[in-house]
Amino acid sequence: FLHADNFSGTTPASGHVLDTDTRYPKVARVAIRVIRKIIDMLLHKHKKVLFVAADANHDPIGGGVWLKEIVRNLYEKEPRFEIIDSENSYYAYKHGESMIGFHHGHLTKLENLDRVFASRYHEMWGTCKYRFAHAGHFHHQREIDNHGMHIMQHPTLAAMDAYAARHGYSATRKTHVLTYSRKYGEIGRTTVDPRMFK
């Protein structure tokens, strides 16, 4: 969720320098305001809202810990709000006959996600007719069907920063809104490009 998770504006593991606002408290304030606005908008429109904050390589503390705990506390009395939680970086939810899994993609290759979800959530895996996993990390869209699970690596909404530009990386900016039926798995997909909102 956050591009950088510290006052130095670097990735925690490798120390890559990132384009960031150097005022981390301001970043935290904006992050909380944005995620709260999104959740409030979803609660206004939908009967139930599920929230997952998948920890990632850029923000294991911010996005992976404090943001999730703030959201949990803000909505603890809202019966229509639920957090999909896990302490092991792999998150899953049973939606009717579908298992829907999430992992940022920084710890396990896309081709191996089916094995991890089958192992960690074997009961859910066995009772579901359809299985899906969602990842990001590499900023490019890719989809595979592996051993009974459809795995999607999502593109990014983020603009290119200096690190990506210097290293010759490029990615098409877009996201997808997927619709899952409780009975039939994925039944719809809408693609959104940030340029649509300029």
Side-chain angles (χ1 to χ4, degrees), residues 1-7 12 20-21 23-107 113 116-117 120-121 123-125 127-128 130-137 152 154-158 174-183 185-192 194 196-197:
F1 187 69
L2 303 174
H3 193 45
D5 200 16
N6 50 43
F7 286 99
T20 62
D21 189 310
R23 299 159 294 178
Y24 189 73
K26 182 179 179 184
V27 172
R29 190 177 315 119
V30 171
I32 294 164
R33 190 179 319 131
V34 167
I35 203 71
R36 189 172 186 183
K37 180 68 174 173
I38 292 169
I39 292 169
D40 287 346
M41 288 168 62
L42 291 168
L43 283 167
H44 181 74
K45 181 172 177 142
H46 300 284
K47 292 178 184 175
K48 184 175 181 181
V49 173
L50 303 171
F51 176 82
V52 61
D55 66 301
N57 58 313
H58 278 238
D59 63 346
I61 304 299
V65 178
W66 65 254
L67 187 64
K68 181 182 357 180
E69 293 309 318
I70 287 169
V71 168
R72 185 190 317 276
N73 279 276
L74 284 171
Y75 295 96
E76 67 184 348
K77 293 183 181 173
E78 174 53 70
R80 299 181 302 123
F81 180 81
E82 180 182 344
I83 289 184
I84 303 169
D85 209 353
S86 171
E87 301 301 326
N88 67 26
S89 301
Y90 303 88
Y91 310 82
Y93 182 77
K94 188 174 190 298
H95 179 66
E97 296 189 36
S98 293
M99 172 185 187
I100 306 172
F102 307 91
H103 173 64
H104 178 65
H106 62 304
L107 299 173
L113 280 178
V116 176
F117 280 104
R120 303 257 170 115
Y121 298 96
E123 288 182 22
M124 189 185 303
W125 181 283
T127 60
C128 288
Y130 309 101
R131 297 168 204 94
F132 305 92
H134 299 277
H137 188 58
M152 182 176 189
H154 289 266
T156 184
L157 283 171
K174 64 181 174 180
T175 192
H176 302 290
V177 178
L178 292 102
T179 303
Y180 292 99
S181 158
R182 295 182 62 81
K183 189 173 181 181
E186 183 185 334
I187 58 168
R189 186 180 297 197
T190 302
T191 301
V192 179
M196 295 164 65
F197 302 99

Considering non-hydrogen atoms only, spot the tightest contact between [X] and [Y] and give its length.
X: Val52; Y: Ile84; answer: CG2-O, 3.8 Å
X: Ala53; Y: Tyr91; answer: O-OH, 3.5 Å
X: Phe117; Y: Ala133; answer: CE1-CB, 4.0 Å
X: Leu157; Y: Pro194; answer: CD2-CD, 4.0 Å
X: Ser181; Y: Ser98; answer: O-OG, 4.1 Å

Does a side-chain heavy-atom distance below 4.5 Å link [X] with [Y]?
X: Phe81; Y: Leu42; answer: no
X: Pro155; Y: His176; answer: yes
X: Glu186; Y: Met152; answer: no
X: Arg72; Y: Asp85; answer: yes
X: Val27; Y: Thr20; answer: no
X: Tyr121; Y: Ser86; answer: yes

Q. For His106, which residues count as a side-chain hydrogen bond (donor to acceptor under 3.5 Å, both in side chains) partner, sequence neighbours excluded?
A.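 Applying side-chain hydrogen bond (donor to acceptor under 3.5 Å, both in side chains) to His106 gives none.
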
Drop me the distance from [X]'s [atom1] to [Y]'s [atom2], to the nearest 0.5 angstrom.
X: Ser89; Y: Leu107; atom1: OG; atom2: CG; value: 5.0 Å
X: His103; Y: Asp55; atom1: NE2; atom2: CG; value: 8.0 Å
X: Ile100; Y: Tyr130; atom1: CD1; atom2: OH; value: 12.5 Å
X: Arg131; Y: Glu97; atom1: CZ; atom2: CD; value: 11.0 Å
X: Met41; Y: Ile39; atom1: CE; atom2: CD1; value: 12.0 Å
X: Glu78; Y: Lys48; atom1: CD; atom2: NZ; value: 11.5 Å

Q. Are the ring centres of Tyr75 and Phe51 closer than 6.0 Å?
A.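 Between Tyr75 and Phe51, the centre distance exceeds or equals 6.0 Å.
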
Q: Please check if atom CD in Glu76 has more than 12 non-hydrogen atoms from other residues, nucleotides or ligands closer than 6.0 Å.
A: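 More than 12 heavy atoms, drawn from other residues, nucleotides or ligands, come within 6.0 Å of this atom.
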
Q) Testing Glu82, Met99, Met124 for side-chain contact (heavy atoms from CB on, under 4.5 Å) with Tyr93, which one passes? A)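 Result for side-chain contact (heavy atoms from CB on, under 4.5 Å) with Tyr93: Glu82.
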
(Q) Before you tell me yes or no, could you show the steps for His154 and His134 under side chain to side chain donor-acceptor pair (under 3.5 Å), namely the whole-Å CA-CA distance, both residues' side-chain angles and the distance that decides it to 0.1 Å? (A) CA-CA 7 Å; His154 289 266; His134 299 277; 2.8 Å; yes

(Q) For the backbone of Gly96 and the side chain of Lys94, can you confirm whether one donor and one acceptor N or O come within less than 3.5 Å of each other? (A)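 Yes, the answer is positive, given that a donor and an acceptor are paired below the 3.5 Å cut-off.
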
**Q.** Summary of side chain to side chain donor-acceptor pair (under 3.5 Å) pairs that have at least one residue in residues 27-38, sequence neighbours excluded
**A.**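 Applying side chain to side chain donor-acceptor pair (under 3.5 Å) to every pair that reaches into residues 27-38, excluding sequence neighbours, yields nothing.
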
